[in-house]
A.B. asks: 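First the structure, which I've put down as structure tokens, then a few questions once you've had a look.
Naming convention: chains lettered A, B, ... in sequence-line order (proteins, then strands); numbering from 1 in each chain.
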Amino acid sequence: MILPFTQGDTIAIAVADGVGAALAADGDATLELDATQMSAALAEIEQTLSPRWIWWSTDTARFLVADGLRPARCWDLDAVHRLLVGGWRGGAGRIWAHRRGLDTSELPQVAAPDLFSQPVDDDPAEALRPDGHLDPAWIDGLWRSDVGHLRTWAALALDVHHWQVDELERLPERPAASGTARSESAAALLCAELEADGLPIDVAEAERIIASFIGPRPRDGADEARLAAERDHLVLQHLPGPLGDLDLRNPAGVKSLLRRVGIEVPDTRAWRLERLRGEHEIVDALLTWRKAERISTTFGYRWLDQHVGPDGRLRGQWSPSDGAAGRMTATAGLHNMPAELRPAIVAEPGHVFVRADLGQIEPRILAAVSNDDALAAATWDDDMYAPVAARLGVTRDVAKVAVLGAMYGQTTGHGAVALRGLESAYPTAMAHLEAAARQAERGDDLRTRGGRLVRMSSNEPDAEPGDEPERAARSRAAARGRYGRNAMVQGAAAEFFKTWAAIVRARCAPIDAHIVLCLHDELLLHSLTDCADVAAQIVTDGVQEASHRWAGGTEVRFVADTSVIARWSDAK
DNA sequence: TGCGGCTATTG
DNA sequence: CACAATAGCCGCAG
């Protein structure tokens, strides 16, 4: 096929069912594709030119991944929008309104179909409405539209891309923002791949582990209820007197249950009950019950059935930057799977896992974002809490709690004394955190080192002054302060992590090793056994490349612990 | 039926 | 039990 593009092009791509349009950024070269040529043409463009693909949203990435394509580079307008504007909301209408400086508080909606309206078959001819907004009906029509409309869609993507590039370069004091935009885009693409690939799981092993908590798989609903009642009885049998309608799933009921055996607690959380195991035999039974109940409801047979495919892969939905500071999130328990289930995460025959986690990532990030020379010097130690402890004249554990407390905004408790030591030993880092907290308390927006806006203004219900007690207002301001203070560290750590992940993804493209899990500071790769040593080297070297790219110019050292293992639980 | 509270799990 | 997340069940208001 004769391609109209040249090496180094940036190419906007818009796809629908069986139709596609690709448009080069620096000219008017276009390629219109139908179902018969699309896969082959896109693969050829990728292979020969390796362009940076521009698309409106990760839906396009999902489409291409489902088609067997693994693009090397992209620019995800949605991901970059969230970086620039903060929050989790995106979508073409909002992106466009922001690019044109239009009011985003009331974006045009597609009229909801009701009993009286006729289904509309004719889509609007123009993408833009007279008021400048994108017409949502036109966007909806894209999916059943012709290639000409997709060409317009791609051209609009190019327009937004150019504008985003300019915006990022104009951000004051954020020279790395354009790089963040690229790694955030890569992370979004990686999310599409994680959704498609899934995490290898040994279902038989998972069922053995689940059975060890709640017994074999129930035959039906009645059987399940009977087994649950038996578990309840193991707790309730310790209780003297009549049971009434006591429900172990009701915290108030558990509280009164404990009161009946002479135990008074403000709440019934496990860490609190843990210390009361010796008080009465029912406490131990209750804690065992809680563990089983957790497996039964959240990580039991239903969980396996719902999220594991016939290919033995556990799949969830991935978001590249949900929430406060832009960490990756995942559903289906991929981010909070109990440690007891990890032995079931097993590499397939002929494969191994390459697992690596960043060591002490948050305090190292703090040293980088605050430009604190003394704290940066501490990062040259493999265990940076050791030099901090020496400098403060406290034990390592106290130093660790103090540093974490400073980043989370703790003001009371054991770490509070050492906190004052931190202020004199590392004044630059502490002042950086304090400034972020003050700004957030006022309700002013923050921006991470890599350029992500952390919105403080839009998150709160706007209360009239005086219609809330002074104490509550102060407590909420303090909460905002802790949130903002932590977002500077957690958000920058998320940016560093995604830079690392993007590098690893790119370097592993030529070999048979793929990222199958991202866990905030940990990467898990599924690798052909023969490639594992190469993959492990890529992962380890990737940390150095990420620190050069993300924290170039600072004297902060980042470290990773890498191992090649057969199952997830084999890691140290 | 939707929402806040409580609980558990992870980084 | 600080910061973040997903997810389940319960009680309660509408």
A.B. asks: Atom NZ of A:Lys255 to atom P of B:dC6: distance rounded to whole Å?
C.D. replies: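 Value for this atom pair: 8 Å.
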
A.B. asks: Taking any heavy-atom pair under 4.0 Å as a contact, classify A:Arg302: base, sugar-phosphate, or nothing.
C.D. replies: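 It contacts nothing in the nucleic acid.
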
A.B. asks: Could you tell me whether A:Asp357 contacts a base, only the sugar-phosphate backbone, or nothing, with contacts defined as non-hydrogen atoms closer than 4.0 Å?
C.D. replies: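 Nothing: the residue A:Asp357, judged by heavy atoms under 4.0 Å, touches no strand.
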
A.B. asks: Report yes if a side-chain nitrogen or oxygen of A:Arg482 is closer than 4.0 Å to either non-bridging phosphate oxygen (OP1 or OP2) of C:dC3; otherwise report no.
C.D. replies: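 Checking C:dC3 against A:Arg482, a side-chain N or O does come within under 4.0 Å of OP1 or OP2.
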
A.B. asks: Can you tell if the side chain of A:Arg327 reaches within under 4.5 Å of the side chain of A:His335, non-hydrogen atoms only?
C.D. replies: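 Counting from C-beta outward, A:Arg327 and A:His335 never come under 4.5 Å.
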
A.B. asks: Under 6.0 Å from the six-membered ring centre of A:Phe213 and within 45° of its axis: does the NZ or CZ of A:Arg231 meet both?
C.D. replies: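 The answer is no, since A:Arg231 fails at least one limit relative to A:Phe213.
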
A.B. asks: If you find the nucleotide of DNA chain C closest to A:Ala332 and the one closest to A:Tyr408, which residue's nucleotide is nearer the 5' end?
C.D. replies: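 With A:Ala332 and A:Tyr408 compared, the 5'-side residue is A:Tyr408.
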
A.B. asks: To the nearest angstrom, how far is A:Leu519 atom CG from C:dA5 atom P?
C.D. replies: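 Taking CG of A:Leu519 and P of C:dA5, I get 15 Å after rounding.
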
A.B. asks: In whole angstrom, what separates A:His520's NE2 from B:dT9's P?
C.D. replies: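 Those two atoms, NE2 and P, are 16 Å apart.
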
A.B. asks: Quick one: label A:Ala252 by what it contacts on the DNA or RNA (base, sugar-phosphate, nothing), any heavy atom closer than 4.0 Å.
C.D. replies: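 Answer is nothing: A:Ala252 stays at 4.0 Å or more from every strand.
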
A.B. asks: Of the candidate nucleotides B:dG11, B:dC6, B:dT9, which contains the atom at the shortest distance from the side chain of A:Pro251?
C.D. replies: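 The closest nucleotide is B:dC6.
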
A.B. asks: Among B:dT9, C:dC10, B:dA8, which is the nearest nucleotide to the side chain of A:Ala270?
C.D. replies: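 My answer, after comparing the listed nucleotides, is B:dA8.
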
A.B. asks: How do A:Arg272 and A:Gly333 order along DNA chain C: which one's closest nucleotide is nearer the 5' end?
C.D. replies: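 Going by which nucleotide is closer to the 5' end, it is A:Arg272.
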
A.B. asks: Taking only side-chain nitrogens and oxygens of A:Asn336, does any of them come within less than 4.0 Å of OP1 or OP2 of B:dG11?
C.D. replies: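 So the side-chain polar atoms of A:Asn336 never come under 4.0 Å of the phosphate oxygens OP1 or OP2 of B:dG11.
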
A.B. asks: Phosphate oxygens OP1/OP2 of B:dA8: is one of them under 4.0 Å from a side-chain N or O of A:Arg290?
C.D. replies: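 Yes, such a contact exists.
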
A.B. asks: For A:Ala487, which contact category applies under a 4.0 Å heavy-atom criterion: base, sugar-phosphate, or nothing?
C.D. replies: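 A:Ala487: no heavy atom of the nucleic acid under 4.0 Å.
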
A.B. asks: Between A:Arg249 and A:Thr297, does the side chain to side chain donor-acceptor pair (under 3.5 Å) criterion hold? Intermediate values first, please.
C.D. replies: CA-CA 11 Å; A:Arg249 291 155 196 84; A:Thr297 57; over 6 Å; no

A.B. asks: So, is A:Thr268 near the phosphate of B:dT7, with a side-chain N or O under 4.0 Å from OP1 or OP2?
C.D. replies: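 Answer yes for this pair, as a side-chain N or O of A:Thr268 is under 4.0 Å from OP1 or OP2.
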
A.B. asks: To the nearest Å, how far apart are A:Ile210 CD1 and B:dT9 P?
C.D. replies: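 Whole-Å distance recorded here is 15 Å.
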
A.B. asks: Atom CD1 in A:Ile295, atom OH in A:Tyr301: separation rounded to 0.5 Å?
C.D. replies: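 So the CD1 of A:Ile295 and the OH of A:Tyr301 are separated by 10.0 Å.
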
A.B. asks: Do the side chains of A:Glu340 and A:Arg294 get close enough for a salt bridge, i.e. N-O under 4.0 angstrom?
C.D. replies: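 Salt bridge flag = no for A:Arg294 with A:Glu340.
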
A.B. asks: Identify which nucleotide among B:dA8, B:dG11, C:dT6 has an atom closest to any side-chain atom of A:Thr331, counting heavy atoms from C-beta outward.
C.D. replies: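 Of all the options, the side chain of A:Thr331 is nearest to C:dT6.
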
A.B. asks: Under a 4.0 Å N-O cut-off, is there an ion pair linking A:Asp445 with A:Arg447?
C.D. replies: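 Judged by the 4.0 Å cut-off on N to carboxylate O distance, A:Asp445 and A:Arg447 do not form a salt bridge.
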
A.B. asks: For A:Arg294, which contact category applies under a 4.0 Å heavy-atom criterion: base, sugar-phosphate, or nothing?
C.D. replies: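 Touches a base.
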
A.B. asks: Using a cut-off of 4.0 Å on non-hydrogen atoms, how would the nucleic acid contact of A:Ala325 be classed: base, sugar-phosphate, or nothing?
C.D. replies: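 It contacts nothing in the nucleic acid.
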
A.B. asks: How would you label the contact of A:Met337 with the nucleic acid (heavy atoms, under 4.0 Å): base, sugar-phosphate, or nothing?
C.D. replies: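 Sugar-phosphate: the residue A:Met337, judged by heavy atoms under 4.0 Å, touches backbone atoms but no base.
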
A.B. asks: Just how far, in rounded Å, is P of C:dT6 from CH2 of A:Trp318?
C.D. replies: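 Nearest whole value for this atom pair: 12 Å.
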
A.B. asks: Identify whether the distance between the nearest side-chain nitrogen and carboxylate oxygen of A:Arg82 and A:Glu184 falls below 4.0 Å.
C.D. replies: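 Salt bridge flag = no for A:Glu184 with A:Arg82.
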
A.B. asks: For a quick test of reading the model: is some side-chain N or O of A:Arg327 closer than 4.0 Å to OP1 or OP2 of C:dA4?
C.D. replies: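 Checking C:dA4 against A:Arg327, no side-chain N or O comes under 4.0 Å of OP1 or OP2.
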
A.B. asks: Quick one: which of C:dC3, B:dC6, B:dT9 gets closest to the side chain of A:Asn486?
C.D. replies: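 Among C:dC3, B:dC6, B:dT9, the one nearest the side chain of A:Asn486 is C:dC3.
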
A.B. asks: For the side chain of A:Thr297, counting heavy atoms from C-beta on, which of B:dA8, C:dC9, C:dC10 is nearest?
C.D. replies: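 Out of B:dA8, C:dC9, C:dC10, the nucleotide with an atom closest to A:Thr297's side chain is C:dC9.
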
A.B. asks: Roughly how many Å is it from CG in A:Leu517 to C1' in B:dG11, rounded to a whole number?
C.D. replies: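 Those two atoms, CG and C1', are 11 Å apart.
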
A.B. asks: Which of these nucleotides, B:dT7, B:dA8, B:dG11, is closest to any side-chain atom of A:Asp267?
C.D. replies: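 Output: B:dT7.
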
A.B. asks: When the distance from CG of A:Asp322 to P of C:dA7 is rounded to whole Å, what number comes out?
C.D. replies: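 So the CG-P distance, A:Asp322 to C:dA7, works out to 11 Å.
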
A.B. asks: Can you tell me the distance, in whole Å, between the CG atom of A:Leu258 and the P atom of B:dT7?
C.D. replies: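 Rounding to the nearest Å, CG of A:Leu258 and P of B:dT7 are 11 Å apart.
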
